[in-house]
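Heads up: the structure comes next, in structure tokens.
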Amino acid sequence: MSEQASIKPAALRARSFPGLAALRKILREPMGFFGLALVVLILASAIFADLLAMYDPTKIAPQNRFQGPSLTHLLGTDHLGRDLLSRVLYGARIALLVALGSTALSLMLGIVLGLMAGYGPRWLDAFLLLVFDAMKSFPTIMLALTIVTLAGPSMVSVVMVVVMVSVPGYARIIRTQTIAMKTAEHVTAARSMGAGTIRILRVHILPNIIGPIVILASMDVPVVIGIEAGLSFLGLGVRPPTPSWGTILNDGFANIRDSSWIVIAGGLPIILTTLGFTFLGETLRDVFDPRLKGR
Amino acid sequence: MKNNETKGFAVNRRQLLVGTGALSLSSLLFPRNASAATGGILRVRSYSDLQVLDPAFMMSQSDQDIMQAIFTKLVARPAGDEWTWAPGDVESIEQLDEKTIAFKLRDQLGFTDGFGQVTADDVKFSFERIADPATGSAYAGDWAVLKEVEVKDTLSGVIHLTGPFAPLWTTTLPGSSGLIVSRKALAEVGGKITTKPVGQSGPYIMKEWQPKQRTVLVKNPDWKYEQGAYDEIHILPIEDEKTAEMGYEAGDLDYTWTAVSSIKRLKENPPADTTVIEKPSLAFVWLGMKNTTAPLDNQNVRRAIQHAIDTAAVVDAAYYGAASTATGIIAPGLSGHRDANLFAYDPDKARELLAAEGAEGITVTLDILNKTERLTAAQVIQANLADVGINCEIRQHDSGTFWNLGGAEADPNFPLQLYLSRFSMYPDPSWATAWFTTEQIGQWNWEHFSSEEFDELNKAGQLELDEAKRDEMYKRMQDIMEESGQYVFLTHEVVGVEYRNSVAPAIMPNAMPLFDKFKPA
């Protein structure tokens with residue numbers, strides 16, 4: 001922090017750096033600090049996997065299988081003699097790519113469809129609701145198994161599953177809030193002044209309803225990581241030899257009597273990421289939307 | 001959304017987590033009684049779910065394990081360490097000469113569902129049906145020399161062959177093609193049994209089948225002869241051996257095959273109250289290449305793949321050194337076993353061949369069963385291929401999907417290229433080669449391998465009784481297979497079995513089970 005910044009009045013500082021103020025609020029909560037630290041750690045290990053990993057994560061060396069942690073292999077090796085730490089680091093890429101990518105995609109689709117349903121004509125609303133409810137009625141795992149069977153196992157299939165599972169939920173929340181906002185005075189005023197539908201949605205409605213949904217989405221990230229790891233565990237997610245936490249966990253499960261390090265290497269990052277995003281999400285919610293507290 | 005709270009049953013997420021944690025902890029502290037062999041129920045594992053319980057159309061060893069308990073047979077395979085045969089459900093059976101076998105059935109054998117007594121006419125129907133090309137059975141080769149079954153009276157008959165037949169007493173009669181089904185019952189169900197057996201006649205009958213969960217066999221109440229020792233046999237389909245081992249340790253199973261890679265560890269440190277044994281296996285595992293689509297329609301590309309794969313490394317990695325590499329599809333000890341492969345691991349040669357064909361950087365797919373050992377083997381193959389510049393995509397399938405990738409029910413548009421497969425084997429070389437003839441294309445010959453010389457040798461080998469000549473013939477047949485570039489022979493595996501000391505299993509020399517003959521120890 002520069003000297004100049006530190007002498008500014010608190011209110012002014014908050015106004016000039018709204019992000020910083022939010023960050024402070026988050027860091028002030030122990031849970032938020034812990035969550036953010038974990039998320040940063042995971043993000044950094046994914047982004048810098050190339051630099052941090054000492055080995056090629058797919059390089060096999062069966063003669064080195066089931067080694068425990070040592071200076072050459074910090075987390076040991078798996079049943080094919082691959083370095084587990086390298087696999088975990090590259091696995092973070094897959095996990096975050098799928099989680100952030102598909103959550104962002106679901107959020108976008110959910111917002112667009114939710115606004116359409118909430119602000120559009122009655123028939124469109126009824127039709128979209130029918131579609132949302134129909135999609136939500138499929139149990140996640142069954143839907144995932146069906147899609148993967150039809151489309152074949154791949155990262156794209158995993159993203160497709162996540163989007164199909166999450167969009168209806170987001171869309172319904174956006175729709176409800178849009179309906180509530182539709183009759184708000186400032187919206188009526190904008191409409192009477194001749195503002196177009198797109199402008200009303202973009203300028204007058206969306207900014208007022210987007211907060212909670214972003215927080216909810218951030219809390220869904222660990223769920224998505226769980227879906228990716230789960231499908232990969234079942235051999236229905238990313239294809240070998242691409243390292244994924246789920247496939248590492250499956251290797252560990254199959255060889256648990258030979259080495260317990262593989263399960264630890266696959267399970268620990270899933271636990272840490274889940275904790276990180278959950279704590280961060282809950283803190284975000286407490287800080288920005290106290291109304292949601294306790295839900 | 002996931003954060004919604006249910007009114008009236010207010011448990012928040014943290015309370016739920018604490019509760020779940022406490023529950024799982026208590027299940028660790030107070031495990032269930034580990035012995036599962038109680039109340040006359042035997043719980044065994046099979047490596048795939050049942051698919052077709054019809055001797056003419058069966059899909060796997062798991063089908064056969066069930067069928068041999070629920071249908072009668074003329075010739076049985078006794079348990080033990082020797083491959084022999086014994087009279088089955090007959091008063092007598094004898095070979096009158098090379099081409100004639102006389103039999104007389106026991107007189108109190110009956111079919112369930114009201115299909116009456118088991119008669120010589122049902123024997124005639126069962127055998128001739130498989131031999132008849134119109135039936136379209138993949139096992140017609142078992143009865144390649146059947147002329148007819150002559151019915152003498154209700155219970156007696158004579159099997160007439162067109163010539164001597166070497167595998168008759170080793171694989172045909174004691175195998176699934178020697179099982180007897182009811183003519184009337186088959187007529188009623190339209191000529192083919194699927195997953196619901198009709199006209200069962202063995203010491204056990206199938207009571208229920210819960211797909212992917214279990215098959216329940218119960219004692220046949222009308223069975224008048226030697227009774228099975230268990231009231232019920234529950235067969236649990238668990239594809240992955242390592243999962244089965246954990247199921248066994250958790251007390252859900254009394255008997256299971258183990259993963260090959262676990263045999264050493266289990267022998268050194270067996271679970272409580274358990275016997276672990278290792279048996280030689282005759283089965284064969286290979287990498288097949290279907291030759292109908294580019295780039296695998298080019299023999300030099302296939303040859304390059306043969307040279308690219310380090311079979312020793314693949315087998316060592318998949319089985320942790322417990323199994324040795326194969327030199328063909330016929331295991332050591334049988335006539336026709338080869339001493340060496342023709343095309344050894346030589347990555348430089350592979351690169352050369354690919355460069356000459358301009359095929360560097362091609363992508364191929366490798367389809368496998370979704371189980372640990374296959375996946376491990378596949379990943380080593382993938383690395384071997386990457387080493388010579390071939391990208392390999394691995395696709396995993398559950399057994400139901402996998403076993404239909406290349407057979408009669410296969411989707412013709414499915415782009416099958418490379419795949420890892422394993423066939424069970426009986427102690428006659430003809431049982432190994434029978435599946436790779438031109439006739440078997442679209443049945444078990446997924447590679448679409450076709451060679452006239454091979455087909456003729458396959459026929460001749462079944463009729464040849466001179467062991468030295470047979471040995472030469474079957475060696476030549478494997479040479480032809482390998483020369484086609486469509487096969488990389490991997491291993492014959494070994495079989496590990498673990499079972500409770502309270503069970504006396506009845507298994508054949510290669511550890512195939514005879515569930516109806518299991519007894520409490």
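Just so it is clear: chains get the letters A, B, ... in the order the sequence lines come, proteins before strands, and each one is counted from 1. Excluded from the calculations below are hydrogen atoms, water molecules and symmetry mates; all remaining heavy atoms, backbone and side chain alike, are included. All of these numbers come straight from a predicted model, not from anything done at the bench.
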Chain B contacts, top residue of A:Gln63, A:His79, A:Lys59 (heavy-atom pairs, under 4.5 Å): A:His79
Flag if over 12 foreign heavy atoms under 6.0 Å of CZ, A:Phe138: no
Inter- and intrachain pairs under salt bridge (Lys or Arg N to Asp or Glu O under 4.0 Å), touching residues 384-398 of chain B, at least two apart: A:Arg239-B:Glu393, B:Lys212-B:Asp398, B:Arg351-B:Asp387, B:Asp367-B:Arg395
Please output the side-chain donor-acceptor pairs of residues 318-325 of chain B that fall under 3.5 Å, not counting sequence neighbours, one pair per line with the distance.
from     : atom 1 : to       : atom 2 : distance (Å)
B:Tyr319 : OH     : B:Glu493 : OE2    : 2.8
B:Tyr320 : OH     : A:Asn255 : OD1    : 2.5

Portion of A:Phe66 that has a non-hydrogen atom of chain B nearer than 4.5 angstrom: side chain
B:Lys371 to B:Phe402, cation-pi by 6.0 Å centre distance and 45° axis angle: no
Side chain to side chain donor-acceptor pair (under 3.5 Å) partners of B:Gln213, counting only residues at least two apart: none
Salt bridge B:Glu245-B:Arg265, side-chain N to carboxylate O under 4.0 Å: yes
Check: B:Leu266 main-chain N/O paired with B:Glu498 side-chain donor or acceptor under 3.5 Å: no
Close approach to chain B in residues 230-237 of chain A, criterion heavy atom under 4.5 Å: A:Leu234, A:Gly235
More than 12 heavy atoms of other groups within 6.0 Å of B:Trp286 CH2: yes
Expected output: side-chain A:Arg175 to main-chain A:Ile111 donor-acceptor under 3.5 Å: no
Residue, of B:Cys392, B:Ala317, B:Ala259, that accumulates the most heavy atom pairs under 4.5 Å with chain A: B:Ala317
Contact leader toward chain B among A:Thr149, A:Asp258, A:Asn250, where contacts are heavy-atom pairs under 4.5 Å: A:Asp258
Heavy-atom proximity to chain B below 4.5 Å, by part of A:Arg172: neither
Top of B:Thr401, B:Asp316, B:Thr372 for chain A proximity - count of heavy-atom pairs under 4.5 angstrom: B:Asp316
